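The figures that follow rest on heavy atoms only: side chains count, while hydrogens, waters and symmetry mates do not. Values in this document were obtained by computation on a predicted structure and should not be read as measured data. For ligands, and for the atoms within them, numbers begin at 1 and follow the listed sequence. When a residue number appears, it is its place in the shown sequence, counting from 1.
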Amino acid sequence: MNVLLLGSGGREHALAWKIAASPLLTRLYASPGNPGIGSVAELVKLDIADHSAVAAFCREKKVDLVVVGPEGPLVAGIADDLRAWGIRVFGPSKAAARLEGSKGFTKDLCAKFNIPTAAYGRFSDLASAKAYVEKTGAPIVIKADGLAAGKGVTIAMTLEEALAALEACFEGAFGVAGAEVVVEEYLTGEEASFFCLCDGATALPFGTAQDHKRVGDGDIGPNTGGMGAYSPAPVMTPEMTERTMREIIEPTMRGMANIGAPFAGILFAGLMITDQGPKLIEYNTRFGDPECQVLMMRLKDDLLVLLNAAVDGQLAHMSARWSDEAALTVVMAARGYPGTPEKGSVIRGLEQAGGEGVEIFHAGTAINGGALVANGGRVLNVTALGATVGEAQKKAYAALDHIDWPQGFFRHDIGWRAVEREKAGAYPHP
Ligand code: AMP
C-alpha cells in the first residue's frame with residue numbers, strides 16, 4: 001500500500017513510525033512532516049488546505065490511503081472531498097468532526113442522547129451569557145465554541161474571572177471560534193483520555209492515557225498542548241472502561257448515526273472520573289498529542305491493518321492487542337513555550353539517547369545547515385516503555401539526559417500521580 005500521512009507533530013511521527021513497521025506498506029509519504037518523520041517517510045510539499053491538490057498527488061502516486069493527523073483539515077472537510085473523488089481516507093467527515101469543531105454541538109448531542117456531561121448553556125450574546133453565569137455562580141467553565149488551538153477554555157474560580165472570560169470571547173479573543181460560547185458546570189475528579197477506533201458503526205476501545213497540560217512541575221503554570229503523557233491511565237479500570245463504553249461512547253456512535261453523521265476515525269474522549277462515574281468533558285476527533293506517542297509504543301498489532309478495517313467498516317471483526325508494559329513520554333519544549341518559543345537553537349545527542357524500548361519522536365524540529373534545530377514550541381517527545389510507569393519514567397529521563405539542548409526545557413515529574421499509586425501498591429490494577 002502507498003499511504004499519505006498529513007501533519008507535522010510528534011503525533012504524526014509516532015503514526016509514521018508505526019505505519020512504516022507494517023508489512024503492508026510499500027511507500028509512505030508525509031506532508032508537511034518533520035525531520036523525524038522524514039527518517040521513515042518521503043516528505044512532500046502540499047497545500048493541505050487545497051483538497052484538489054492533495055487529490056491530484058494521491059492519483060499521481062497511487063496513494064491507497066490518506067491518514068489525517070490533526071483536526072484542522074478534518075473540520076475543513078478534507079475527508080469528504082477526498083472520498084468524493086474516490087480516495088480512501090482515515091478520518092471523520094466534516095459533519096462527524098463537529099464533535100470536536102463545535103463544543104455546543106457535542107453538548108446538545110449529549111443532552112439528546114442522555115450522555116453524562118457537565119450541565120451547560122449555549123450563548124451567542126454577552127447579556128444572556130452573563131445572566132446565566134450570575135445566576136449559576138463560580139466556579140464555572142467558559143468555552144469558546146469552535147477550534148481555538150486549546151486556548152479557548154477558562155476555568156473561572158470567581159465570578160469576576162468568568163465575566164472577564166465572557167467579555168474576551170465576545171470581543172473576539174478567539175475570532176469566529178468565540179462568536180458562540182458554552183458555559184458549563186465545573187466538574188471535579190481525575191481526568192483521563194480514552195480512545196476508540198471507529199468505523200461509523202463499531203467503536204473499538206483503543207487505549208487510555210493521562211497527560212500533563214500545565215507547563216510547570218507539580219502541575220502549575222499556564223496550560224500547554226501537553227508536556228507529557230503515559231499509558232495506560234490507572235483510573236480507567238476495567239469497570240470504568242465498560243461504563244465509558246456503555247454510557248458515553250456507544251450512545252455517541254448511535255447518536256451520530258441517527259443524525260446522519262456516522263463517526264469513523266479516532267474518537268478521543270476527554271473524561272472526568274467523578275464520584276458518580278465517567279463524565280464527558282470534550283471530544284476530539286483525532287489522536288491526542290502527546291497521547292498518540294505512548295499509545296503507538298504499546299500497540300502490538302499492525303496499525304495499517306486496523307486503519308484499513310476502520311475505513312472499510314470492518315471493525316466488528318477486529319481486536320487490538322496492547323503491550324502489558326506502560327509507556328511514558330516527556331515533551332522537550334523550546335524556551336518561551338507556551339508563549340513565544342525561541343526558534344533555531346541547535347539540538348545534539350539524539351543518537352546517544354535512543355535504545356531498546358526508547359523512541360524519540362520529533363515535533364517542532366527542522367534541519368538548518370545540516371544541524372537539527374528547534375522550530376516550534378514542543379520540539380521532541382522522549383518516549384519509553386517499562387514494566388511500570390515508574391520504570392518507563394526512569395528510562396525516558398535517562399534517555400533525555402543524553403540530549404544536549406541548553407535552550408530546551410521539560411517537566412521533571414511526568415507520570416507522578418501513577419508512580420505514587422504504584423509505590424502505594426494500588427497499580428497496575430488487574
Ligand atoms: P477542553 O479543551 O474542553 O478539554 O478543556 C481543557 C481542560 O479544561 C480540560 O482538560 C480540563 O482540565 C478542563 N475542563 C474543561 N471543562 C471542564 C469542566 N466542566 N470542569 C472542570 N474542568 C474542565
For this session: Heavy-atom distances under 4.0 Å are what count here, so tell me which part of V141 touches ligand 1: side chain, backbone, both or neither.
Result: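 The answer is the side chain.
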For this session: Answer side chain, backbone, both or neither: which part of I155 comes under 4.0 Å from ligand 1, heavy atoms only.
Result: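 Looking at I155 and ligand 1, just side chain atoms fall under 4.0 Å.
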Is it the case that [X] and [Y] place a side-chain donor and acceptor less than 3.5 Å from each other?
| X | Y | result |
| --- | --- | --- |
| R11 | N381 | no |
| T158 | E161 | yes |
| Q210 | E190 | yes |

Residue [X] vicinity, atoms of ligand 1 by number, heavy atom under 4.0 Å:
| X | value |
| --- | --- |
| E184 | 16 (N), 17 (C), 18 (C), 19 (N) |
| K103 | 2 (O), 3 (O) |
| K143 | 3 (O), 15 (C), 16 (N) |

Residues 255-274, side-chain donor-acceptor partners within the protein, below 3.5 Å, at least two apart:
{"unit_1": "T274", "atom_1": "OG1", "unit_2": "Q276", "atom_2": "N", "d": "3.1"}
{"unit_1": "T274", "atom_1": "OG1", "unit_2": "G277", "atom_2": "N", "d": "3.3"}
{"unit_1": "T274", "atom_1": "OG1", "unit_2": "G277", "atom_2": "O", "d": "2.7"}

Problem set entry | Nearest candidate to atom 11 (C) of ligand 1, where distance is taken over non-hydrogen atoms, out of E185, E191, E282, R214 |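 Comparing heavy atoms across E185, E191, E282, R214, the nearest one to atom 11 (C) of ligand 1 lies in E191.
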Validation: residues 29-41 side-chain donor-acceptor distances under 3.5 Å, sequence neighbours left out:
{"unit_1": "Y29", "atom_1": "OH", "unit_2": "R27", "atom_2": "NE", "d": "3.4"}
{"unit_1": "S31", "atom_1": "OG", "unit_2": "V44", "atom_2": "O", "d": "2.8"}
{"unit_1": "S31", "atom_1": "OG", "unit_2": "L46", "atom_2": "N", "d": "3.2"}
{"unit_1": "N34", "atom_1": "OD1", "unit_2": "G36", "atom_2": "N", "d": "2.9"}
{"unit_1": "N34", "atom_1": "OD1", "unit_2": "I37", "atom_2": "N", "d": "2.9"}
{"unit_1": "N34", "atom_1": "ND2", "unit_2": "S8", "atom_2": "O", "d": "3.0"}
{"unit_1": "N34", "atom_1": "ND2", "unit_2": "H362", "atom_2": "O", "d": "3.0"}
{"unit_1": "N34", "atom_1": "ND2", "unit_2": "A363", "atom_2": "O", "d": "3.2"}
{"unit_1": "S39", "atom_1": "OG", "unit_2": "G36", "atom_2": "O", "d": "2.5"}

